[in-house]
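These notes are about the structure you will find just below.
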2 protein chains.
Amino acid sequence: MQNSDEEVTFIQQFKTRSLSLPAGAVIIDEGLPSEDLYTLYSGWAFRFKTLSDGRRQILNFLLPGDFVGLQEKMADVSPHGVGAVTAVSLCRFSRIGLWELYRNHPGLGYDVTWIAANQKDVIDENLLSVGRRNATERVASLLVQLYKRVKVIGLAKGSTIDFPINQQHIADSLGLSLVHTNKTLRRLMKMGFHEISGGKLTMCNPAALERVADYYAAEERVRPLI
Amino acid sequence: MQNSDEEVTFIQQFKTRSLSLPAGAVIIDEGLPSEDLYTLYSGWAFRFKTLSDGRRQILNFLLPGDFVGLQEKMADVSPHGVGAVTAVSLCRFSRIGLWELYRNHPGLGYDVTWIAANQKDVIDENLLSVGRRNATERVASLLVQLYKRVKVIGLAKGSTIDFPINQQHIADSLGLSLVHTNKTLRRLMKMGFHEISGGKLTMCNPAALERVADYYAAEERVRPLI
DNA sequence: CGGGAATTTGAGCCCGCTCAAGAGTGGTGG
DNA sequence: CCACCACTCTTGAGCGGGCTCAAATTCCCG
């Protein structure tokens with residue numbers, strides 16, 4: 001999956017400009033038309049949906065390299081929102097641009113589909129968690145999943161990673177209440193599986209956590225760069 | 001999104017052959033390498049994942065026109081299985097074929113991404129259900145979603161559609177137990193929202209069910225044909 | 001008409017929920 | 001430098017939605 005020189009050049013001019021937003025910002029509003037497609041360059045974000053009474057479900061977390069707004073590009077109205085966890089920097093692609101990319105650089109179009117399919121894997125795993133795992137298994141599998149994803153993009157320092165999300169984020173992504181999420185995290189921590197403090201997560205025993213989670217996903221694969 | 005004559009011709013030769021399988025067949029095995037990409041021509045199928053102790057989560061149902069195996073094409077090993085609900089007929093695309101499609105017919109490549117994004121919408125909605133809706137809301141939203149999807153592909157007869165899945169399928173897709181799924185379905189039926197019998201679903205009051213489900217998704221859109 | 005699968009219903013329990021309150025932890029301004 | 005305030009995390013108590021276990025009943029299909 002090596003990009004050609006020509007492709008790299010094209011990508012450069014294709015990116016119309018970059019964009020920075022502060023922590024907590026709304027990147028894409030639920031139910032609003034959205035014109036733009038982004039790549040997340042740095043920081044953490046998340047996609048979410050809400051019900052009319054305010055219950056919120058986080059669909060998946062977005063890490064550097066992920067797309068923001070691919071689905072929205074395909075619809076008229078965004079079926080979900082995107083929020084920034086930390087301060088984020090994004091690279092904007094123009095609307096015309098995506099179509100041109102497919103036409104002039106089908107190799108890159110293929111890569112786009114590849115990345116989108118990869119994100120779907122993550123969502124599938126989350127759906128399995130929320131639907132069939134109990135609270136302990138859910139928390140364990142989320143920790144393992146995020147750890148592996150961060151590691152693959154080269155941002156892990158040993159067994160420690162930046163971990164900017166709070167317990168409310170975790171609860172909303174696992175379909176649990178805040179209180180029960182806290183109790184479950186605490187129990188796993190006391191059992192020596194992991195540590196969270198100061199915005200860092202340390203995995204003390206990743207293999208054991210994977211066993212707890214019944215999480216046997218294939219290795220995360222290196223993605224094409226766009 | 002009109003396909004050109006040339007594209008249509010290409011699609012024809014691109015389909016290497018079609019394939020029929022009986023009800024209950026395994027189309028793609030979980031954890032096995034999969035060589036093929038299919039389009040579902042007729043019948044119902046479903047994607048699923050299982051945990052090692054047998055708990056199963058249905059990720060989404062596949063209706064005629066949906067892709068089978070796009071993700072698998074992108075990975076080395078299929079991260080999920082695909083099963084047939086009814087007898088199904090599939091059109092097989094060869095492995096080389098997909099890459100050629102992107103290279104020679106970027107318009108079709110764009111359509112592939114479009115369809116994949118649409119399927120992701122469905123999964124997102126399911127994740128919202130399983131994570132944040134109670135049992136009644138979940139069942140209601142599944143009925144509404146399937147009804148709308150069938151309607152959009154032109155297979156609804158008035159307010160009645162073929163409904164080949166059983167309560168175990170529904171339970172596995174909603175993250176509920178079989179028993180509780182039955183009780184919930186029965187309650188909704190007694191309240192006059194819907195009827196299921198003889199493999200048919202009739203929506204007696206779709207608007208009311210949508211309200212019960214807190215389901216306000218945008219209209220299903222017509223998809224490009226491949 | 002026999003038999004396996006799917007559906008239905010009841011009884012009782014437990015995991016995860018809600019409610020409530022306290023303890024850190026920063027950030028801000030006087 | 002400290003008082004204050006908002007946000008996050010923590011812990012306890014008690015309840016209830018959805019679970020498991022168990023047993024009919026109905027539905028197909030050969």
Side-chain angles (χ1 to χ4, degrees), chain A residues 22-24 44 51 53-58 83-87 129-143 163-191 194-201 212, chain B residues 22-24 44 46 51 53-58 83-87 129-143 162-191 194-201 212:
Chain A
W44 287 40
L51 294 174
D53 63 2
R55 281 173 287 178
R56 179 175 77 163
Q57 177 66 36
I58 291 183
V85 176
T86 63
S129 276
V130 173
R132 290 297 174 210
R133 284 193 245 248
N134 64 31
T136 306
E137 294 167 340
R138 286 185 214 185
V139 170
S141 67
L142 181 66
L143 294 180
F163 199 72
I165 61 179
N166 61 29
Q167 296 184 357
Q168 185 68 63
H169 289 119
I170 298 177
D172 285 348
S173 109
L174 297 179
L176 295 171
S177 71
L178 176 60
V179 173
H180 200 65
T181 300
N182 175 281
K183 287 172 179 169
T184 307
L185 270 171
R186 198 120 264 282
R187 193 158 6 95
L188 287 174
M189 200 178 296
K190 278 180 184 158
M191 291 196 284
H194 74 285
E195 274 168 33
I196 295 176
S197 77
K200 304 277 184 188
L201 164 68
V212 168
Chain B
W44 287 40
F46 60 95
L51 294 174
D53 63 2
R55 283 173 285 177
R56 179 175 78 163
Q57 177 66 37
I58 290 183
V85 176
T86 63
S129 275
V130 173
R132 289 300 173 206
R133 284 193 245 248
N134 64 30
T136 306
E137 295 166 338
R138 285 185 214 185
V139 170
S141 68
L142 181 65
L143 294 181
D162 279 329
F163 199 73
I165 60 179
N166 62 29
Q167 296 184 358
Q168 186 69 62
H169 289 119
I170 298 177
D172 284 349
S173 109
L174 297 179
L176 295 171
S177 71
L178 176 59
V179 172
H180 200 64
T181 300
N182 175 279
K183 287 172 179 168
T184 307
L185 270 171
R186 198 119 265 282
R187 193 158 7 94
L188 287 174
M189 201 178 295
K190 278 179 184 157
M191 291 197 282
H194 74 285
E195 275 168 33
I196 295 177
S197 77
K200 304 277 184 187
L201 164 68
V212 168

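Here is the naming used below: chain letters follow the sequence lines, and residue numbers restart at 1 for every chain.
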**Relative orientation of the end axes in the helix from C:dC1-D:dG30 to C:dA21-D:dT10, expressed as an angle to the nearest 10° (five pairs per end)** = 50°

**Request:** Report yes or no: does B:Asp162 contribute a side-chain atom to a donor-acceptor pair with the main-chain N or O of B:Pro164 at less than 3.5 Å?
**Result:** no

**Value in whole Å for how far the P atom of D:dT8 lies from CD1 of A:Ile196** = 15 Å

**Asked** How about A:Asp172 and A:Gln57: do any of their side-chain heavy atoms sit closer than 4.5 Å?
**Response** no

**Request:** Return yes if some donor-acceptor pair links the side-chain N/O of B:Arg133 with the main-chain N/O of B:Arg138 below 3.5 Å, else return no.
**Result:** no

**Request:** Taking all non-hydrogen atoms of both residues into account, name the closest pair between B:Thr181 and B:Ala171 and its distance.
**Result:** OG1-CB, 3.3 Å

**Item:** Separation between CG of A:Leu185 and NZ of A:Lys190, rounded to the nearest 0.5 Å
**Value:** 12.0 Å

**Message:** Using a 4.0 Å cut-off to any heavy atom of chain B, which nucleotides of DNA chain C are the first and last in contact, reading 5' to 3'?
**Reply:** C:dA6 to C:dA11

**Prompt:** Rounded to the nearest 0.5 Å, what separation is found between the NE2 atom of A:His180 and the OG1 atom of A:Thr136?
**Reply:** 6.5 Å

**Request:** Would you jot down, in residue-number order, the residues of residues 164-173 of chain A having a non-hydrogen atom under 4.0 Å from DNA chain D?
**Result:** A:Asn166, A:Gln167

**From CZ (A:Arg187) to CG (A:Asn182), nearest 0.5 Å** = 10.5 Å

**Fill in**
The residue among A:Asn166, A:Leu188, A:Leu201 that forms side chain to side chain contact (heavy atoms under 4.5 Å, CB included) with A:Ile196 is A:Leu201

**Item:** Point-to-point distance, once rounded to the nearest 0.5 Å, from CZ of B:Arg186 to CD of B:Gln167
**Value:** 8.5 Å

**Within residues 177-188 of chain A: residues closer than 4.0 Å to DNA chain C (heavy atoms)** = A:Ser177, A:Val179, A:His180

**Request:** Sequence neighbours left out, what passes side chain to side chain contact (heavy atoms under 4.5 Å, CB included) with B:Ser173? Give chain and number order.
**Result:** B:Ile58, B:Phe61, B:Leu142

**Asked** Do side-chain atoms of A:Arg132 reach the backbone of B:Leu176 as a donor and acceptor pair under 3.5 angstrom?
**Response** yes

**Item:** All ring-ring contact (aromatic ring centres under 6.0 Å, His included) counterparts of B:Phe46, not counting sequence neighbours
**Value:** B:Phe48, B:His169

**Asked** Where each residue is assigned the nucleotide of DNA chain D containing its nearest heavy atom, which of A:Arg132 and A:Met189 is assigned the position nearer the 5′ end?
**Response** A:Met189

**Asked** What nucleic acid atoms does B:Gly175 come within less than 4.0 Å of, heavy atoms only: base, sugar-phosphate, or nothing?
**Response** sugar-phosphate

**Asked** Is the number of heavy atoms from other residues, nucleotides or ligands within 6.0 Å of CD (B:Glu195) greater than 12?
**Response** no

